[in-house]
Amino acid sequence: MVFKSKSEVGLMENKKYFFLDGMPRSGNTLLSTILNQNPDIQTSANSLVMGLLHKIHSSKSIDLFNNFPDHKSLDNVIKGIIPNYYKDWNYKYIIDRSNVGLSNTLEILNKYLNNDLKVIVLNRKFEDIISSFFKAHKNWNLSQESQLQHLLRHNGLIHKAATSIKVLKQPQYKDITHFVMYEDLVSNPEKVINGIYEFLEIPKYTHYFTNLKKFSANGLTYNEDWCLPSKVTINLHDIKTKDISLTNHKKLPDNILNMLKGMK
C-alpha cells in the first residue's frame with residue numbers, strides 16, 4: 001500500500017478549479033498547451049466532468065430520491081465529483097474544458113464548487129470557424145452545403161458551444177467570465193496569457209511561444225484514431241509548434257455565406 005505524503009494530501013485539498021469554454025477551432029488546444037507549460041497548471045482536454053455532475057445532480061428529480069429526499073448525502077457526492085475526478089492530477093490549478101453555460105451548470109457549480117467560479121471563454125469569427133472545419137474535412141465526400149448543415153446541427157459541437165457562450169455573455173456573468181478572441185491569442189499571446197493570470201488571480205509564469213510541445217494533460221494525449229482517416233484528413237487537435245501565427249482561411253463562397261446568414 002502506498003501512502004500519500006502530507007504535502008500531496010495538502011495539494012489535493014487546496015486545488016482550485018477553473019473552466020475553459022469556447023467555440024471549436026478557436027484556439028482551445030493552443031491556449032491549453034501554453035498554459036500547461038506552467039508546472040502548477042493543468043488544462044484538460046474536452047472534459048467528461050460536467051456530464052458526470054449533471055447525471056448525479058439529476059438524481060434529485062427521480063421518484064426514489066423524492067420518496068426519501070436525503071439532500072445532504074447526495075450533496076456530499078456531488079461536491080466530491082470534481083475533486084475525485086482530478087484526484088491524481090497533482091497540480092495547484094486545474095482548468096476543466098467544458099461548455100459550462102449549458103443547462104443549469106453554472107447554478108450547480110456556484111453551489112458546489114469550493115472556490116470562486118471563473119470561466120475563460122474563447123471565441124472566433126464565425127466564418128473562420130466554418131472555413132477551418134472545411135479545411136479539416138477537405139476529403140469528406142460531401143458538398144460544402146451538406147457539411148455546413150452537419151456542422152451546425154442541433155446539439156452538435158458548434159451548436160452547444162454557441163449556446164453556452166450566449167449564456168455566458170449575459171450581464172449577470174460578467175464578473176465570472178474572461179473573453180478571449182482567437183485573433184488576439186495568436187497575435188499577442190503574452191498579453192492574453194497575462195490577462196488570464198490576472199483574471200484567475202494566480203501567480204504569473206514566464207511562458208514561451210515558439211517550439212511548442214504537442215498538447216498533453218496529466219501525461220495523456222488525444223486518441224484521434226476513432227475519427228481518422230475516414231472523414232478527417234488532419235488531426236483536429238494539431239497546433240503549429242514552431243511558432244504562433246494567424247491562419248488565413250479562404251473566403252467562404254457566397255452560397256455558404258448566405259446559408260450562414262439564414263442559419264444564425
Linked, directly or transitively: Ile62 and Val77 (ILVMFWY side chains, under 4.5 Å) = yes
Distance from Ile158 atom CD1 to Phe126 atom CZ, nearest 0.5 Å?
-> 5.5 Å
Are there more than 12 heavy atoms of other residues, nucleotides or ligands under 6.0 Å from atom NZ of Lys60?
-> yes
Within 6.0 angstrom of Asn66 CG, more than 12 heavy atoms from elsewhere | yes
Tell me yes or no: between the side chains of Asn38 and Tyr93, is some donor less than 3.5 Å from an acceptor?
-> no
Leu117 versus Asn110, closest heavy-atom pair with distance | CD2-N, 4.3 Å
Closest non-hydrogen atom pair, Phe65 against Ser59 = CB-O, 3.2 Å
Hey, does the side chain of Lys15 reach the backbone of Trp89 with a donor-acceptor pair shorter than 3.5 angstrom?
-> yes
Can any side-chain N or O of Asp70 pair as donor or acceptor with the backbone N or O of Ser73 at less than 3.5 Å?
-> yes
So CD1 of Ile81 and NE2 of His54: to nearest 0.5 Å the spacing works out to 10.5 Å
Check: Arg25 main-chain N/O paired with Arg124 side-chain donor or acceptor under 3.5 Å | yes
Backbone N or O of Leu142 within a donor-acceptor pair of the Ser146 side chain at under 3.5 Å?
-> no
All heavy atoms of Gln42 vs all of Ala217, minimum pair found to be OE1-CA, 3.3 Å
Begin from the C-alpha positions of His207 and Gln37 and carry the test side chain to side chain contact (heavy atoms under 4.5 Å, CB included) through to its verdict.
-> CA-CA 7 Å; His207 290 269; Gln37 294 169 7; 3.2 Å; yes
Once you round to the nearest 0.5 Å, how far does OG1 of Thr33 lie from CG of Asn28?
-> 10.5 Å
Verdict with reasoning, Tyr86 to Tyr91, per side chain to side chain contact (heavy atoms under 4.5 Å, CB included) | CA-CA 9 Å; Tyr86 289 112; Tyr91 304 88; over 6 Å; no
Closest approach of Phe215 to Thr221 (non-hydrogen atoms, all atoms of both residues) | O-CG2, 3.6 Å
Which pair of heavy atoms, one from Pro189 and one from Ser187, lies closest together, and at what distance?
-> CD-C, 3.7 Å
Are Leu152 and Leu102 joined in one hydrophobic group, where the rule is that I, L, V, M, F, W and Y side chains link up if heavy atoms are under 4.5 Å apart?
-> no
Rounded distance [0.5 Å steps], CD1 in Ile256 versus CD in Glu127 = 11.5 Å
Do we see a donor-acceptor contact under 3.5 Å between the side chains of Ser58 and Ser61?
-> no
Under the side chain to side chain contact (heavy atoms under 4.5 Å, CB included) criterion, do Glu183 and Asp128 qualify, and how do the steps go?
-> CA-CA 10 Å; Glu183 292 78 10; Asp128 287 345; 3.9 Å; yes
Shortest non-hydrogen contact from Leu252 toward Leu257 = O-CD1, 3.5 Å
Donor-acceptor pairs are to be reported for all side-chain atoms of residues 159-168 against protein atoms at under 3.5 Å, with residues two or more places apart or in another chain.
from, atom 1, to, atom 2, distance (Å)
His159, ND1, Asn155, N, 3.1
His159, NE2, His154, ND1, 3.4
Thr163, OG1, His159, O, 2.7
Ser164, OG, Asp21, OD2, 2.4
Ser164, OG, Gly101, N, 2.8

One should read off an interatomic distance between Asp184 CG and Leu122 CG, to the nearest 0.5 angstrom, of 10.5 Å
Is there a donor-acceptor pair closer than 3.5 Å between any side-chain N or O of Ser26 and the backbone N or O of Tyr182?
-> no
Would a distance-only check, ignoring hydrogens and angles, find a side-chain to backbone donor-acceptor pair under 3.5 Å from Asn36 to Ser216?
-> yes
Distance only, no hydrogens: is a donor on one side chain within 3.5 Å (strictly under) of an acceptor on the other, for Asp75 and Tyr112?
-> yes
Please check if Ile202 and Val192 belong to a single hydrophobic cluster, counting links between Ile, Leu, Val, Met, Phe, Trp and Tyr side chain heavy atoms closer than 4.5 Å.
-> yes
Is the Phe18-His178 ring centre distance short of 6.0 angstrom?
-> no
Indicate if Ile78 and Tyr85 have the same hydrophobic cluster label, given that clusters are the connected sets of ILVMFWY residues with side-chain heavy-atom separations under 4.5 angstrom.
-> yes
Verify, without hydrogens or angle tests, whether Asn258 (side chain) and Asp254 (backbone) share a donor-acceptor contact under 3.5 angstrom.
-> yes
Trace of the side chain to side chain contact (heavy atoms under 4.5 Å, CB included) decision for Asp96 with Ile82 | CA-CA 9 Å; Asp96 180 90; Ile82 295 176; over 6 Å; no
In Å and rounded to the nearest 0.5 Å, what is the OH to CG distance from Tyr17 to Asp116?
-> 15.0 Å
Would you check if the side chain of Lys118 reaches a backbone N or O of Glu201 as a donor-acceptor pair within less than 3.5 Å?
-> no
